[in-house]
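A quick write-up on the structure given underneath.
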Amino acid sequence: MAIERTLAIIKPDAVGRGLAGDILKHIHEAKFKIVAIKSLRLTKAEAEGFYAVHRERPFFKDLTEFMTSGKLIVMALECENAIARWRDTMGATDPAKAAHGTIRKTFGTSIQNNCTHGSDAAETARAEIGYFFSGMELV
Ligand code: ATP
Ligand code: MG
């Protein structure tokens with residue numbers, strides 16, 4: 001299995017509730033390497049750009065407002081099979097349907113306020129990492 005990188009975000013609901021440390025602990029316990037990490041707040045246009053694939057979805061406006069409501073912590077995570085492993089560590093999109101012990105099951109409060117983001121495929125991981133980090137930050 002190949003070493004991969006994926007984009008992880010600790011979303012504003014989790015940062016605002018002081019859960020960043022708990023979520024980082026899950027990341028360390030799952031043995032991801034944090035290649036790059038930073039905290040930032042998105043503008044509306046930046047959030048709309050990030051979630052452009054969802055622009056026709058009924059939840060797009062709420063989602064982009066939510067993602068601009070406070071600081072995010074964004075990370076490039078690396079390990080074998082990182083994309084699938086990070087999605088397994090997060091759990092299902094809807095915290096109510098997520099497996100026991102996952103981040104979303106433990107900390108998520110709704111399908112929108114589900115605490116974390118993860119890339120869903122190799123191509124989106126590359127694009128999403130490049131959206132937030134320059135080449136020099138990923139050395
Ligand atoms: P993410 O892309 O954030 O890792 P995901 O891939 O599990 O999550 P997507 O279908 O890509 O889920 O949806 C992106 C985000 O939009 C979700 O994480 C959630 O915050 C929000 N979302 C998804 N579905 C709904 C919904 N039905 N109602 C409200 N918000 C939703
Ligand atoms: Mg997604």
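By convention here, the first residue in the shown sequence is residue 1. Given the structure is predicted, the values throughout are model-derived calculations rather than measurements. In listed order, ligands and their atoms are each counted from 1. Both backbone and side-chain heavy atoms feed into the values below; hydrogens, waters and symmetry mates do not.
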Any chance you could measure I27, atom CD1, to T89, atom OG1, to the nearest 0.5 Å?
8.5 Å

In the protein, what heavy atom is nearest to atom 5 (P) of ligand 1, and what distance, to one decimal place, separates them?
T93 OG1, 3.5 Å

After noting the C-alpha distance and the side-chain angles of F107 and D13, does the key distance pass the side chain to side chain contact (heavy atoms under 4.5 Å, CB included) rule?
CA-CA 10 Å; F107 303 115; D13 57 329; over 6 Å; no

In the protein, what heavy atom is nearest to atom 19 (C) of ligand 1, and what distance, to one decimal place, separates them?
I111 O, 3.2 Å

protein heavy-atom neighbour closest to atom 13 (O) of ligand 1 works out as H54 NE2, 3.5 Å

Below 4.0 Å from any atom of ligand 1, is there a heavy atom belonging to E128?
no

What part of Y51, side chain from CB on, backbone N/CA/C/O, both or neither, has a heavy atom under 4.0 Å from ligand 1?
side chain

How many angstroms lie between OG in S39 and CZ in R41, if you round to the nearest 0.5 Å?
11.0 Å

Can you check whether R57 has an N/O within less than 3.5 Å of an N/O in ligand 1?
no

Smallest heavy-atom separation, K105 atom then A96 atom, equals NZ-O, 3.7 Å

When you compare the side chain of Q112 with that of F59, does any pair of heavy atoms fall below 4.5 Å?
no

Heavy atom of the protein closest to atom 2 (O) of ligand 1 (residue, atom name, distance)
H117 ND1, 3.0 Å

Identity of the nearest option to atom 24 (N) of ligand 1, non-hydrogen atoms only, from F60, W86, F59:
F59

Is there side-chain contact between L72 and P12, with heavy atoms separated by less than 4.5 Å?
yes

To the nearest 0.1 Å, how far is atom 6 (O) of ligand 1 from its closest protein heavy atom, and which atom is that?
R87 NH2, 3.1 Å

Answer side chain, backbone, both or neither: which part of R104 comes under 4.0 Å from ligand 1, heavy atoms only.
side chain

Given E46, which of F132, Y51, Y131 fulfils the side-chain contact (heavy atoms from CB on, under 4.5 Å) condition?
Y131

Restricting to side chain to side chain donor-acceptor pair (under 3.5 Å), what partner residues turn up for R57, sequence neighbours left out?
H54

Considering heavy atoms of the protein only, find what lies nearest to atom 21 (C) of ligand 1 and give residue, atom and distance to 0.1 Å.
L63 CD1, 3.8 Å

Any N or O of N113 closer than 3.5 Å to N or O of ligand 1:
no

Hydrogens and angles aside, do K11 and N114 bring a side-chain donor and acceptor to less than 3.5 Å of each other?
yes

Location of contacts on N114 toward ligand 1, heavy atoms closer than 4.0 Å
side chain

Backbone or side chain, does any N or O of G118 fall under 3.5 Å from an N or O of ligand 1?
yes

